[in-house]
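A short worksheet on the structure shown next.
Numbering starts at 1 and runs along the sequence shown.
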Amino acid sequence: MIFYDEQRELFHLQTEKTSYIFGFLEGRFFTHLYWGGRLEQPVADYGDFLDLSNAHRHMTAMDYTDCHYSSDVLPSEFPTFGNTDLRTPAFHARYKDGTRISDFHYTNHNIYKGKKPLVGLPATYVESDDEATSLDIVLTDHLTGMVVTLTYTVFEQLNAITRSVRVVNSGKESVALQALLSATVDFNGMEYDMIHLPGAWARERHPERAPLFHGKQLADSLRGASSCQQNPFFALVGHNTTEEKGDAYGFSLVYSGNFVAGVEVDAYHVSRAMIGIHPFDFCYHLESGESFQSPEAVLVYSGDGIGGMSRIYHRLYRTRLCRGQFRDKERYVLINNWEATYFNFDEEKIVAIASKAKEVGVELMVLDDGWFGHRNNDLSSLGDWYVNKDKLPNGLESLVSKINALGMKFGLWFEPEMVSPDSDCYRTHPDWCIHVKDRNRTLCRTQLMLDLSREDVCNYVIDCLSDILNRSPIAYVKWDYNRNMTNIGSALLPPERQGEFYHRYILGLYHILETLTKRFPNVLFESCSSGGARFDPGMLYYMPQTWCSDDTDAVERAFIQYGTSFCYPYSSMGAHVSAVPNHQVGRRTPMSARGAIAMQGQLGYELDLNRLSEEELQQVAKQVQFYKQYGSVFHTGDLYRLNDPAKQCFVANEFIAQDQNTVIMTALVIKGLPEAPVEHIRLCGLDAKAQYRLEGCDRVYRGDFLMNVGIAFQPSSDYKNTVMVFRKQ
């Protein structure tokens, strides 16, 4: 997995299908050499990779220790500020005397089996040391005493490489760390397209693809969370790369806070890809002996196109990022009362919704916002996590008991990171919110945010939720987060450490989640952030699924789930069937279409089933039955995106079960066309010589026919939906 050539000081990281090579040129320059398809030769000479004539550019500053080379034109593995590399650094610090120059030299390295956890941060993991090999490279700045450990882990069978950085101040003076990226990779050339996942509330993660240009092109967030505006993921792909052919390089950050991700292209067409914590308003002080750990970056290369890259992320994140007993289980089919009742409910109404849901096979009743404090709208009571006796006079215990008596489990909504000004919590502890003394406290959704950089606030959240979860058999928690950070500051941090606030908040959040998920291992936690505004690998480490979007319209969800699947598996996407006309966009779509889109993710319903016709109830019952039979194919099978919905009037997906014996193809019309032409949807990844029987009829197709000719599909103006199941004979 990891080879080291001591004579040439070269490292070769090797997975089943990829190679990643770097080393110390002339024993001095920490140089990136190659990342791509697997090279069988363990190591190679620098000259095989580098055009060293690049070291002699007009006006290039030459390194003082060796006038033959300049860091400004060499591909760097860990660029730092203050030397001859004038591009974006991965490391930038300000020292006690005001200087900002860092000069790191190789100290030692260690290659070992397995993978170590990151202290206080989520990260991918191994269940056996044989699954991965890791490399620690220690670099030292002897003048300042700063020590950096670069950690690489190679998942050989999963074809992924992770990177992270740990900084220790071994000097005598304090140091202000001002930038620390988790990974940079220098590509020779700029003939790539960058794909990222921008969006907004209710239209998250709509892919954009554009050619690289000179300068910087970035996806980032300064909202305190990964956000719905951007996502901590991007890919570099060849201009001609398609879903199933061509080079695709993925970069994903296991982090839920402010991030930067993107590419800088220099004058000589070298493209520096980068990902990590956003350096803006970041300044982390390290006293002598203190350390800082960067989040983990997950790097994936595939020669099988964008789809090949996605399938690697899906397998890795589904099996070695998500944790707990629900990781490998098919989860509950649920009913949520939010769009059915909003704040207007009582015990009788919730039991009535649950009773009808039980008749069609639903397994879990989720009580959403409004059950606590004096909450009858969004103006009050966040932070007061005790039961609203006006709505539930007999308490949660009575309601949970009645739901359980139906043979269903019970789930509950929380928004633990927030506080309402009209709340007992705020009146008692007005200093607990994020604020700056003598500045206005900005409201968003009439709420403020609790300061999770404080230990006392974190303990309050843990105690409140633990008390509720200990009182009743609650099987599911929906963890919401409904505003961006403003008025950045903490009452307890000293002035020189206010630049640590964003990161300390995330560390506090992770501490809460680690504590609660370990304390309540039988509770299924689902992350939510006004829908999908914090859909990132960091949250998936604690919660195996995320509410994909507040937009429950089937057509809009088709686009959202399509973009989300570039990095994240369908097993991580919470997806519900809601009423029509849809509450977000007003569109009417048939029950079959709504069900087909939702069941590809974690299926739920968000409507009052008592208001449906008998025919619609029968459709729901069939959907639930189909989902319980085939949900594992959607969630653990290989996904093939069969088209780009932005370019056609329909969206089509294919899922192949792990045992290769079941194939499901879904196609949904998302734009009605009069006299629409017949489309032929070609499947992928099949055994060309095998026979595949279409379930429900006697039709049998050869794999080569399905992949080369395809299935005829005629879009219509009524959102026609097709779900086809093929069984390998």
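Side-chain contact check for Phe520 versus Asn470: some heavy-atom pair is nearer than 4.5 Å. By the 4.5 Å heavy-atom criterion applied to side chains, Tyr317 and Cys567 are counted as neighbours.
Between the Ser221 side chain and the Ala225 main chain, a donor and an acceptor come within less than 3.5 Å of each other. Looking only at distances, a side-chain donor or acceptor of Gln498 sits under 3.5 Å from a matching main-chain atom of Ser490. Side chain of His511 to backbone of Leu507: no donor-acceptor contact under 3.5 angstrom is found. For Arg594 (side chain) and Ala554 (main-chain N/O), no donor-acceptor pair under 3.5 Å exists by modelled atom type. Proximity of a side-chain donor or acceptor of His278 to a complementary backbone N or O of Phe280 within less than 3.5 Å is detected. Side chain of Asp463 to backbone of Asp467: no donor-acceptor contact under 3.5 angstrom is found. Side-chain atoms of Ser398 never come within 3.5 Å of backbone atoms of Gly395 as a donor-acceptor pair (strictly under, hydrogens ignored). For the pair Asp553 (side chain) and Asn582 (backbone), a donor-acceptor distance under 3.5 Å is absent. One N or O on the side chain of His435 and one on the backbone of Cys433 form a donor-acceptor pair closer than 3.5 Å. Arg205 places a side-chain N or O within 3.5 Å of a backbone atom of Cys548 that can act as its donor or acceptor partner.
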TODO: Could you walk me through whether His503 and Tyr255 pass the ring-ring contact (aromatic ring centres under 6.0 Å, His included) test, one step at a time?
DONE: CA-CA 10 Å; His503 185 65; Tyr255 193 62; 5.7 Å; yes
Task: Trace of the side chain to side chain contact (heavy atoms under 4.5 Å, CB included) decision for Val333 with Tyr605 - done: CA-CA 8 Å; Val333 179; Tyr605 291 84; 4.3 Å; yes
Open item on the list: Checking Met418 against Asn482 for the side chain to side chain contact (heavy atoms under 4.5 Å, CB included) test, could you report, in this order, the C-alpha distance in whole Å, the side-chain angles of both residues, the deciding distance, and whether it holds?
Closed with: CA-CA 8 Å; Met418 305 296 165; Asn482 280 318; 5.5 Å; no
Task: Intermediate values then yes/no, side chain to side chain contact (heavy atoms under 4.5 Å, CB included), Val477 and Leu524 - done: CA-CA 6 Å; Val477 165; Leu524 171 60; over 6 Å; no
Open item on the list: What verdict does the ring-ring contact (aromatic ring centres under 6.0 Å, His included) test give for Tyr460 and Trp432, after you've listed the backbone C-alpha separation in whole Å, the side-chain angles of each residue and the deciding distance to 0.1 Å?
Closed with: CA-CA 10 Å; Tyr460 175 78; Trp432 276 10; 5.1 Å; yes
- [ ] In sequence, state the C-alpha distance, the side-chain angles, and the governing distance for Arg203 and Asp551, and then conclude on salt bridge (Lys or Arg N to Asp or Glu O under 4.0 Å).
- [x] CA-CA 7 Å; Arg203 54 176 175 85; Asp551 193 336; over 6 Å; no
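Here the straight-line distance linking atom CZ of Phe259 with atom CG of Leu253 works out to 8.0 Å at 0.5 Å rounding. For the atom pair Glu415 CD and Ser381 OG, the distance stands at 12.5 Å (nearest 0.5 Å). The OG1 atom of Thr446 sits 5.0 Å away from atom CG of Leu379, with the distance rounded to the nearest 0.5 Å. Expressed to the nearest 0.5 Å, how far NE2 of His576 lies from CE of Met599 amounts to 13.5 Å. Atom SG of Cys458 and atom OH of Tyr505 lie 8.5 Å apart (nearest 0.5 Å). A distance of 5.5 Å separates CD of Glu296 from CG of Leu118, quoted to the nearest 0.5 Å.
The two residues Ser423 and Val419 make their nearest non-hydrogen contact at OG-CG2, 3.6 Å. Gly262 and Leu218 get closest at one heavy-atom pair: CA-CD2, 3.9 Å. For the residue pair Ser549 and Glu204, the shortest heavy atom distance occurs at OG-OE1, 2.7 Å. The nearest pair of heavy atoms linking Leu364 to Ala475 is CD1-CB, 4.5 Å. In this structure, Leu516 and Ser466 approach most closely via the heavy-atom pair CD2-OG, 3.5 Å. In terms of heavy-atom proximity, Gln623 sits nearest to Met591 at NE2-O, 2.9 Å.
A salt bridge links Arg587 to Glu556: one of the charged nitrogens lies within less than 4.0 Å of a carboxylate oxygen. The pair Glu290-Arg497 meets the salt-bridge criterion, with a side-chain N (NZ, NE, NH1 or NH2) lying under 4.0 Å from an Asp/Glu carboxylate O. Using a 4.0 Å cut-off between a side-chain N of Lys or Arg and a carboxylate O of Asp or Glu, Asp431 and Arg454 qualify as a salt bridge. A salt bridge is absent between Lys391 and Glu348; no separation between the charged side-chain nitrogens and carboxylate oxygens falls under 4.0 Å. Under 4.0 Å is where a charged nitrogen must lie from a carboxylate oxygen, and between Lys349 and Asp346 no such pair does. Salt bridge status for Asp368 with Lys478: present, with a side-chain N to carboxylate O gap under 4.0 Å. In this structure, Lys409 does not pair ionically with Glu363, as no charged nitrogen and carboxylate oxygen lie closer than 4.0 Å.
The 12-atom threshold is exceeded at CD of Glu397, counting heavy atoms of other residues, nucleotides or ligands nearer than 6.0 Å. More than 12 heavy atoms of other residues, nucleotides or ligands lie within 6.0 Å of NE2 in His206, so this atom counts as buried by the packing criterion. Other residues, nucleotides and ligands contribute over 12 non-hydrogen atoms within 6.0 Å of the CZ atom of Arg327. Under a cut-off of 6.0 angstrom, the local environment of CD in Glu496 is crowded, with over 12 non-hydrogen atoms contributed by other residues, nucleotides or ligands. Heavy atoms from other residues, nucleotides or ligands lying under 6.0 Å from CZ of Arg427 number more than 12.
Checked against a 6.0 Å centroid threshold, the rings of Trp479 and Phe414 do not count as neighbours. Centroid-to-centroid, the aromatic rings of Tyr510 and Tyr542 come within less than 6.0 Å. Taking the six-membered ring wherever Trp is involved, the centroid distance between the rings of His285 and Phe292 does not fall below 6.0 Å. In this structure, Phe282 has its ring center no closer than 6.0 Å to that of Tyr502.
The one candidate from Ile335, Asn336, Leu412, Leu334 that meets the side-chain contact (heavy atoms from CB on, under 4.5 Å) condition with Met365 is Ile335. Partner Glu339 forms a side-chain contact (heavy atoms from CB on, under 4.5 Å) with one of Thr552, Leu607, Asp608 and no other, that one being Thr552. Exactly one of Ser256, Ser572, Ser227, Cys528 qualifies for a side-chain contact (heavy atoms from CB on, under 4.5 Å) with Phe535. That residue is Ser572.
In this pair, Tyr562 and Phe566 present their aromatic rings perpendicular. The plane angle is above 60°, beyond the 30 to 60° band. Relative orientation of the Phe634 and Phe626 rings is tilted, given thresholds of 30° and 60° on the angle between their planes. Under the 30°/60° scheme for interplanar angles, the aromatic rings of Phe343 and Trp338 are found to stand perpendicular. Between Trp385 and Phe372, the ring planes are tilted. Angles from 30° to 60° get that label.
Geometrically, Arg331 does not engage Phe326 in a cation-pi contact defined by less than 6.0 Å to the ring centre and at most 45° from the axis. Seen from the ring of Trp547, Arg557 counts as a face-on cation partner, given the 6.0 Å and 45° thresholds.
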